[in-house]
A.B. asks: 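Here's a structure for you.
Both backbone and side-chain heavy atoms feed into the values below; hydrogens, waters and symmetry mates do not. We count ligands from 1, going down the list as the structure has it; atoms in each ligand are counted the same way.
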Amino acid sequence: MKVLFVAGDPKPERWTVPISQLLPEADVRVWDPNGPAINADYAIVWQPPAQLFEREPGLKAVFNLGAGIDGLLKVPNLPSDLTVVRLEDAGMSAQMAEHVLHQILEVSRQMELYRHQQRQSQWKIHRPINRKEWPIGIMGLGHIGKRVATTLTSLDYAVNGWARSEHSIEGVHTFAGNEQFGEFLATTRVLVNTLPLTSETENILNYGVFSQLQPDAVLINVGRGEHLVEDDLLRALNEKKLQRASLDVFRKEPLPAGHPFWERTDITITPHISARTLRDATLEQITGKIRDHAKGLPITGIVDITRGY
Ligand code: GLV
């Protein structure tokens with residue numbers, strides 16, 4: 001079996017050596033933009049070039065090195081009948097839950113104020129958190145959104161969840177579809193986006209949405225930059241519809257120098273690190289699925305290309 005590794009890592013051997021160890025029966029190669037076809041059976045990819053699908057028409061499945069497959073679905077020439085498999089958790093949901101919790105605590109526990117006080121050698125205690133004042137709304141209830149939601153319910157936050165279809169998660173007040181979106185927003189102060197990027201969810205974080213949240217709202221975007229209408233965020237912050245935003249993803253990454261977000265004190269910027277692809281767990285999962293697929297066994301995480309996730 002031939003496995004092709006196609007990701008822009010300058011040290012691809014960090015991936016191909018463990019792949020060969022985990023899958024000794026495979027001939028593992030690194031994508032060479034100028035090389036010949038190798039008749040690969042499987043490809044392990046992150047944002048691959050369009051030539052991949054022209055040069056390797058015999059691929060039986062493509063495994064994405066991330067949870068979000070929007071980058072892969074955008075690649076021209078992606079055959080519509082190709083089996084595309086996304087990463088399922090592999091340590092991501094725990095990281096995402098930690099990241100979101102951290103961003104919430106920054107505001108709900110006034111951490112910036114305490115850091116400021118430390119710089120002034122000031123010992124001053126402010127009123128304790130009242131969880132009732134911090135209802136959280138999670139958009140997207142897949143593996144990641146669900147883990148974020150249950151982490152927060154375990155800490156006694158009031159958690160709302162919204163997704164396209166109905167979900168039932170213990171302790172979470174769930175809402176579904178466009179009809180219930182307004183109700184979800186009206187009961188939410190901290191809006192957390194974990195949605196996949198599709199044509200339906202693009203630009204979903206906009207002024208109209210921010211205006212429906214509870215006062216002093218906070219936005220945490222760990223989905224994709226394209227979910228957010230950037231000018232609408234600035235307007236909502238300027239008008240104090242939102243008190244702050246924590247952004248881990250951007251329309252253009254790296255976020256360009258001079259972008260207005262950089263100098264805002266009411267925006268926290270992190271460079272797409274809320275949930276990293278963890279090599280060991282990821283390769284264990286993907287090589288296990290390749291082995292099963294090659295044996296004709298069913299595998300999970302196959303993407304519905306028309307749905308977009
Ligand atoms: C990261 O953004 C991912 O999709 O896994």
Side-chain angles (χ1 to χ4, degrees), residues 5-9 12 14-15 18-19 43-49 52 61-75 78 82-103 138-149 151 163-164 192-205 219-228 230 245-255 261 268-289 299-305 307-309:
F5 178 77
V6 195
D9 189 324
R14 291 192 284 208
W15 299 85
I19 296 170
I44 300 176
V45 309
W46 183 248
Q47 298 177 346
L52 169 65
V62 171
F63 292 84
N64 194 46
L65 282 169
I69 47 98
D70 46 290
L72 179 54
L73 296 188
K74 266 202 303 240
V75 177
L78 179 79
L82 184 62
T83 299
V84 171
V85 187
R86 71 182 134 80
L87 198 58
E88 292 182 288
D89 200 333
M92 277 196 185
S93 66
Q95 294 177 74
M96 200 65 108
E98 278 174 347
H99 179 87
V100 169
L101 176 61
H102 182 167
Q103 299 309 312
I138 318 284
M139 297 167 74
L141 296 171
H143 271 301
I144 288 175
K146 187 173 171 191
R147 180 72 179 261
V148 173
T151 300
R164 193 167 93 144
V192 180
N193 175 43
T194 74
L195 286 167
L197 178 65
T198 66
S199 53
E200 280 176 42
T201 64
E202 188 169 2
N203 299 327
I204 195 166
L205 300 174
L219 170 69
I220 300 175
N221 188 17
V222 289
R224 285 288 186 256
E226 291 87 343
H227 285 130
L228 175 66
E230 295 189 342
S246 163
L247 308 177
D248 185 54
V249 287
F250 301 89
R251 284 182 181 262
K252 187 153 178 15
E253 295 179 5
L255 185 65
F261 288 173
T268 300
I269 292 172
T270 48
H272 204 140
I273 47 76
S274 57
R276 307 287 307 277
T277 295
L278 302 176
R279 203 159 35 234
D280 291 353
T282 297
L283 291 183
E284 222 165 279
Q285 180 180 116
I286 292 178
T287 54
K289 287 185 184 182
I299 57 171
T300 56
I302 295 179
V303 169
D304 178 342
I305 295 189
R307 194 178 64 165
Y309 60 97

A.B. asks: Tell me the protein heavy atom at minimum distance from atom 1 (C) of ligand 1, and give that distance in Å.
C.D. replies: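 Result: H272 NE2, 3.5 Å.
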
A.B. asks: Quick one: which ligand 1 atoms are inside 4.0 Å of a heavy atom on R224?
C.D. replies: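 Per the distance check, 1 (C), 2 (O), 3 (C), 4 (O).
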
A.B. asks: Give the numbers and elements of all ligand 1 atoms closer than 4.0 Å to a heavy atom of A67.
C.D. replies: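 Near A67, the atoms of ligand 1 are 3 (C), 4 (O), 5 (O).
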
A.B. asks: With a 3.5 Å cut-off and no angle check, do the side chains of W46 and N64 form a donor-acceptor pair?
C.D. replies: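 There is no such pair (donor and acceptor under 3.5 Å, judged by atom type) between the side chains of W46 and N64.
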
A.B. asks: Grab the two heavy atoms, one from A67 and one from M92, that are nearest each other, plus how far apart they are.
C.D. replies: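 Looking at all heavy atoms of both residues, the closest pair is CB-SD, 3.9 Å.
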
A.B. asks: One pair to check against side-chain hydrogen bond (donor to acceptor under 3.5 Å, both in side chains): D89 and H143. What are the steps and the verdict?
C.D. replies: CA-CA 7 Å; D89 200 333; H143 271 301; 4.7 Å; no

A.B. asks: Please say whether M92 places an N or O atom under 3.5 Å from an N or O atom belonging to ligand 1.
C.D. replies: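 In this structure, M92 places no N or O atom under 3.5 Å from an N or O of ligand 1.
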
A.B. asks: Looking at L72 and L78, what are the two nearest heavy atoms and their distance?
C.D. replies: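 Nearest pair, atom of L72 first, then L78: O-CD2, 4.0 Å.
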
A.B. asks: For ligand 1, which atoms have a heavy atom of G68 less than 4.0 angstrom away?
C.D. replies: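 Checking each atom against G68, I get 3 (C), 4 (O), 5 (O).
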
A.B. asks: By the definition side-chain hydrogen bond (donor to acceptor under 3.5 Å, both in side chains), identify the one residue from T194, N221, D248 that meets it with S274.
C.D. replies: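 Running side-chain hydrogen bond (donor to acceptor under 3.5 Å, both in side chains) over T194, N221, D248 with S274 returns exactly one hit, D248.
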
A.B. asks: Where is the tightest heavy-atom contact between I144 and M96, given as atom of each residue plus distance?
C.D. replies: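 Residues I144 and M96, closest heavy atoms: CG2-CG, 3.4 Å.
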
A.B. asks: If we only count N/O pairs under 3.5 Å, is W46 in contact with ligand 1?
C.D. replies: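 N/O-N/O distance under 3.5 Å: no.
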
A.B. asks: Purely on distance, is any nitrogen or oxygen of T277 under 3.5 Å from one on ligand 1?
C.D. replies: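 No: no nitrogen or oxygen of T277 is under 3.5 Å from one in ligand 1.
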
